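Below is one structure, written out as structure tokens; the observations come after it.
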Amino acid sequence: MNELPATPRAPVTGFRYYDFLLGGMVAVLLCANLIGPAKVGVITLPLLGALSFGAGNVFFPISYICDDLITEVYGYARARRVAWTGLGALAFATVMSQFIVHVPAAPSEPFNATLQPALETVFGSTWRIATASMFAYICGDFVNSFVLAKMKVMTNGRWLW
């Protein structure tokens, strides 16, 4: 019988968790910017009293933790690539949300009378929030990765920042 030769397996590389960190960072970025602004939470602290905050602010710092891990383990070039991936995903989600808000609702569907105003309330200002967030994200994320990479070079990689 004429059998095909076994295909060689690719060697295991050092990018074992890179895709999980990339996915986690992009997911947190999208959720913090699209779902988070829809709700304002209140927390009461003993000495400070009641503090209001956007729900997305609670989870957004996780994106910086993922970014720091990527910069530390996989390097500055990979961290920049992840930042651009997150930015592209946020831009696409913003365009998609605006399309969904502005596409005419079918009058034959009875739930559209309730759904359309809710979509406009939740996603109507997405483009403004996402635009400001993209600008802040570009500045903050690239500076964060750059500083972390420089600290690693200055310490010869001796400490995990």
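Predicted, not measured: the structure shown is a model, and the values here were computed from it.
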Check D67 against S145 and note the closest heavy-atom contact, atom names and distance. OD2-OG, 2.9 Å
Heavy-atom donor-acceptor pair, Q98 side chain to F123 backbone, under 3.5 Å: yes
Side-chain donor or acceptor of S97 paired with backbone N/O of T94 under 3.5 Å: yes
Flag yes if I70 and W84 sit in one hydrophobic cluster, no otherwise; membership is Ile, Leu, Val, Met, Phe, Trp, Tyr, and two members link when side-chain heavy atoms are under 4.5 Å apart. yes
Determine whether more than 12 heavy atoms belonging to other residues, nucleotides or ligands lie under 6.0 Å from atom CZ of R78. yes
Between Y76 and T71, is there a donor-acceptor pair closer than 3.5 Å when you use the side chain of the first and the backbone of the second? no
Is it the case that one hydrophobic cluster holds both Y74 and F20, taking links as side-chain heavy atoms less than 4.5 Å apart, direct or via other members? yes
Separation of I62 CD1 from C31 SG (nearest 0.5 Å): 10.0 Å
Quick one: does V28's side chain get under 4.5 Å of C66's, heavy atoms only? no
Exercise: identify the closest heavy-atom pair between G86 and L29: O-CD2, 3.4 Å
Should V103 and L115 be regarded as members of a common hydrophobic cluster, given that ILVMFWY residues are connected when their side-chain heavy atoms come within less than 4.5 Å of each other, either directly or indirectly? yes
Without swapping roles, check the side chain of T131 against the backbone of W127 for a donor-acceptor pair under 3.5 Å. yes
Path from I138 to I129 over hydrophobic side-chain contacts below 4.5 Å: no
Find out whether R80 and T85 are in side-chain contact, i.e. whether some heavy atom of one side chain is under 4.5 Å from a heavy atom of the other. no
Quick one: are N112 and P107 in side-chain contact, heavy atoms under 4.5 Å? no
Under 4.5 Å between side-chain heavy atoms, counting indirect links through other Ile/Leu/Val/Met/Phe/Trp/Tyr residues: same cluster for F135 and L90 or not? no
Does Y137 offer a backbone N or O that forms a donor-acceptor pair with the side chain of D141 under 3.5 Å? no
To the nearest 0.5 Å, what is the distance between CD1 (I43) and OG (S52)? 11.0 Å
Y64 atom OH: more than 12 heavy-atom contacts under 6.0 Å: yes
Is any side-chain heavy atom of V82 closer than 4.5 Å to a side-chain heavy atom of Y18? yes
Is there a donor-acceptor pair under 3.5 Å between the side chain of Q116 and the backbone N or O of V101? yes
Steps toward side chain to side chain contact (heavy atoms under 4.5 Å, CB included) verdict (L45, L51): CA-CA 8 Å; L45 298 174; L51 298 173; 3.4 Å; yes
